[in-house]
Amino acid sequence: MPELVLQLTRAGFLALLWLFVLVALRVVRSDLYAASGLRALVPGGRATARRGRGRTPRQLLVTQGALAGTRITLDSRPILIGRADDSTLVLDDDYASTRHARISMQGDEWYVEDLGSTNGTYLDRAKVTGPTRVPPGVPVRIGKTVIELRS
């Protein structure tokens, strides 16, 4: 009987070890796909341009977190946010993923997209599950960092 218990313990430990390896490979794979840009930048819906409002965002402002006060001038290029050194906004935040989120432009609108982060991206208080339009002045929370689009 003790030999049977020993063999079952070994098999259980081996199964647990393989589960850990598979989870680690899944995380590495998701980081590689996010880095290669294989995900869609913007939603496939129609682009609605709202002219005459004069509220086109021109800057991305960090309002809370270690980088509070940082401003990034917006142009048509997407903004990558995360802990990776090649991100547009590099966060030194334990709650941010390597490739956490992307803010990109479609028409005259800006959209935020979570890139499969562990802790999620939040627009105001709602969790971002797909490309979501970001109105100017509405906070986007990534870990301990809060950013806003400003005119």
Side-chain angles (χ1 to χ4, degrees), residues 1-48 57 59-107 109-150:
M1 191 69 147
E3 188 173 326
L4 177 63
V5 171
L6 183 62
Q7 291 297 334
L8 289 175
T9 304
R10 286 179 182 168
F13 180 71
L14 187 61
L16 204 60
L17 184 64
W18 274 106
L19 181 66
F20 173 75
V21 168
L22 291 175
V23 168
L25 287 174
R26 182 175 177 212
V27 168
V28 169
R29 189 183 117 227
S30 69
D31 280 351
L32 288 175
Y33 276 121
S36 67
L38 291 177
R39 295 175 186 240
L41 288 175
V42 290
R46 65 174 202 256
T48 57
Q59 290 183 340
L60 180 111
L61 174 66
V62 179
T63 58
Q64 292 178 17
L67 299 173
T70 303
R71 294 178 185 268
I72 297 175
T73 303
L74 299 174
D75 54 16
S76 61
R77 293 178 291 182
I79 297 171
L80 291 174
I81 303 170
R83 291 189 343 220
D85 290 334
D86 62 343
S87 296
T88 311
L89 182 61
V90 180
L91 301 178
D92 185 24
D93 187 344
D94 292 336
Y95 298 101
S97 298
T98 304
R99 302 267 184 225
H100 196 100
R102 178 186 299 127
I103 297 179
S104 57
M105 187 177 204
Q106 178 184 10
E109 306 274 337
W110 286 92
Y111 288 83
V112 64
E113 176 184 9
D114 187 84
L115 298 176
S117 66
T118 304
N119 294 318
T121 302
Y122 294 85
L123 179 64
D124 205 5
R125 292 184 181 156
K127 188 169 185 175
V128 174
T129 57
T132 307
R133 189 176 74 81
V134 181
V138 175
V140 176
R141 186 170 54 86
I142 297 171
K144 295 178 182 177
T145 304
V146 178
I147 59 176
E148 292 180 12
L149 298 178
R150 297 278 175 96

> Does Asp85 CG have over 12 foreign heavy atoms under 6.0 Å away?
Replying inline: no
> Rounded to the nearest 0.5 Å, how far does NZ of Lys144 lie from CG of Asp92?
Replying inline: 10.0 Å
> Do Arg150 and Thr63 have side-chain heavy atoms sitting under 4.5 Å apart?
Replying inline: yes
> Is there a donor-acceptor pair under 3.5 Å between the side chain of Asn119 and the backbone N or O of Tyr95?
Replying inline: yes
> What pair of heavy atoms forms the shortest contact from Val134 to Tyr111, and how long is it?
Replying inline: CG2-C, 4.1 Å
> Hey, does the side chain of Asp114 reach the backbone of Thr121 with a donor-acceptor pair shorter than 3.5 angstrom?
Replying inline: yes
> So how far is it from Leu14 CG to Leu19 CG, rounded to the nearest 0.5 Å?
Replying inline: 11.5 Å
> What is the minimum heavy-atom distance between Arg71 and Leu61, and which atoms define it?
Replying inline: CG-CD1, 3.6 Å
> Shortest non-hydrogen contact from His100 to Ser97?
Replying inline: ND1-N, 3.0 Å
> In Å, rounded to the nearest 0.5 Å, how long is the span from OG1 of Thr73 to CD of Gln59?
Replying inline: 5.5 Å
>> Can you give me the closest heavy-atom contact between Ala84 and Arg99, atom names plus distance?
In response: CB-NH1, 3.7 Å
> Passes side chain to side chain contact (heavy atoms under 4.5 Å, CB included), Ile81 versus Ile147? Steps please.
Replying inline: CA-CA 11 Å; Ile81 303 170; Ile147 59 176; 3.6 Å; yes
> Taking it one step at a time, do Ile79 and Leu74 satisfy side chain to side chain contact (heavy atoms under 4.5 Å, CB included)?
Replying inline: CA-CA 8 Å; Ile79 297 171; Leu74 299 174; 3.2 Å; yes
> Checking side chain to side chain contact (heavy atoms under 4.5 Å, CB included) against Thr70, which of Thr145, Leu60, Val62 comes through?
Replying inline: Val62
> Considering the options Ser87, Pro78, Pro131, which one meets the side chain to side chain contact (heavy atoms under 4.5 Å, CB included) requirement together with Arg102?
Replying inline: Pro78
> To the nearest 0.5 Å, what is the distance between CD (Glu148) and CG (Asp124)?
Replying inline: 9.5 Å
> Which heavy atom in Val146 sits nearest to a heavy atom in Arg141, and how many Å separate them?
Replying inline: CG2-CG, 4.1 Å
> How many angstroms lie between CD1 in Ile103 and CD1 in Ile142, if you round to the nearest 0.5 Å?
Replying inline: 6.0 Å
>> Once rounded to the nearest 0.5 Å, what's the spacing between atom CD of Glu109 and atom CG of Leu149?
In response: 10.5 Å
